[in-house]
Amino acid sequence: MNRLDVRLGDRGYPIFIGAGVLLDRSRLREAVRGRQALVLTDSTVGPRYLPPVLAALDGLKVATITIASGEASKTLANAERVFTALADLGAQRNACLIALGGGVVGDLGGFAAALWMRGIDFVQIPTTLLAMVDSSVGGKTAVNLPHGKNLVGAFWQPRRVLADIDTLASLAEREYRAGLAEVVKYGAIRDESFLGWLKDNAAALIARSPDAIAYAVLRSCEHKAQIVENDERETGERALLNFGHTFGHALETLGRYEKWLHGEAVAIGMVMAARLSAHLGMAPLSDAHRLTDLLRRFELPVTADESPETMVELMRLDKKTLSDQLRLILWRGVGRAEVVENVAAQDIVACLHARE
Ligand code: NAD
Ligand code: GLY
């Protein structure tokens, strides 16, 4: 079992990572300060992993709310369901909301916890690789509107994160590999030696070796924690976590959120960002190839057939600008991402056309 601390003063919290974290009842029980707890989960995760969570809460006043699994559940309507469940529970200001599931449950649960009585304790129990390495850490919470993703949200840090890597055994292969793209991202943006470790341990990760997964999650959370400690509200360094994301969001939109999982779109987007960096003379093309090879090793997509012109139009919309210049996260090479202002739209189009 590994423990890692996010140092944010009185809003700091521990992350526990390992196999069987959920079986140690005290890890969850000691995070609940009051007498009431609401567990939010989804229809896939709940039947599998609720029992150890409820066992740990034995003796408290507990209610459970289960939403349909999938992104379509991250709505204001479901947040209202959570508020109603909290009201029915008689939840006081020292009540605790526990999110058991992937990023959808975590984002929705955090959002509701931030708002109920202006903020109650919140515990994240992430059960997807993406949630373990990204969404459960850092306090970004949100729901979607028909107008767009994550439009309504709050920063609200959890009180504890419990990442039991045993839960990943039931995760669908495609979801697991999409999560690996976000792991690769940490190496790409700030840790060349981690990228090397990922290459050397690719077979173990694909085979879901518990030791390899535990290290990958720990190293990713260390990076995420450091970035959040430095820049909680994303006024600077935290933006580097969006490496590949502006391209990726355009791909997700073009695929109507059905063709690509988020991590898959980010994998392609990171390759595009790396190739654009080479095209602009910022970084060697060989580094883009290194990244591409690693993502391929994880059987992640690295190219898309979308029209470059359409992609760039959507990227402008994503950045809420119609200007010919975009602000993107690019890199100087593996491990050295940076924010680049004023990238010319025509350079992006030219680079995407040159599919070398
Ligand atoms: P998700 O929560 O929809 O989970 C993916 C699927 O896996 C779902 O069908 C779920 O039911 C299932 N699942 C979850 N755990 C499982 C398990 N252990 N075994 C079997 N099935 C399991 O999606 P996600 O990929 O975890 O998260 C995506 C969401 O996270 C998006 O809404 C995104 O906006 C958000 N996100 C937030 C942040 C942040 O910083 N807050 C960062 C990245 C992504
Ligand atoms: N997932 C991006 C962030 O937490 O900032």
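Predicted, not measured: the structure shown is a model, and the values here were computed from it. When a ligand or atom number is given, it counts from 1 through the structure's own listing order.
Looking at ligand 2, you'll find an N or O of Lys224 within less than 3.5 Å of one of its N or O atoms.
A salt bridge links Glu192 with Arg290: at least one charged nitrogen is closer than 4.0 Å to a carboxylate oxygen.
Checking side-chain atoms of Glu229 against main-chain N and O of Arg7 turns up a donor-acceptor pair under 3.5 Å.
Taking the ring centroids of Phe243 and Trp331, they lie under the 6.0 Å cut-off.
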Show me the donor-acceptor pairs, under 3.5 Å and distance only, between side chains in residues 97-119 and residues at least two apart or in other chains.
unit_1	atom_1	unit_2	atom_2	d
Asp107	OD2	Lys74	NZ	2.9
Trp116	NE1	Ala91	O	3.4

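The 4.0 Å heavy-atom shell around ligand 1 contains residues Asp42, Thr44, Val45, Tyr49, Ser69, Glu71, Lys74, Gly102, Gly103, Val104, Asp107, Thr127, Thr128, Leu130, Asp134, Ser135, Lys140, Lys149, Asn150, Thr167, Ser170, Leu171, Glu175, Lys224, ordered by chain and number.
Every residue meeting the side-chain contact (heavy atoms from CB on, under 4.5 Å) condition with Pro210, not counting sequence neighbours, appears here in chain and number order: Ile165. The side-chain contact (heavy atoms from CB on, under 4.5 Å) test applied to Ser323 returns Thr321, Gln325, not counting sequence neighbours.
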Kindly determine whether Arg208 and Glu173 satisfy salt bridge (Lys or Arg N to Asp or Glu O under 4.0 Å), including the steps that lead there.
-> CA-CA 10 Å; Arg208 303 199 197 190; Glu173 189 62 23; 2.8 Å; yes

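With hydrogens left out, the protein atom closest to atom 1 (N) of ligand 2 is Asp134 OD1, 2.9 Å, a heavy atom. With respect to atom 5 (O) of ligand 2, the closest heavy atom belonging to the protein is Arg238 NE, 2.7 Å.
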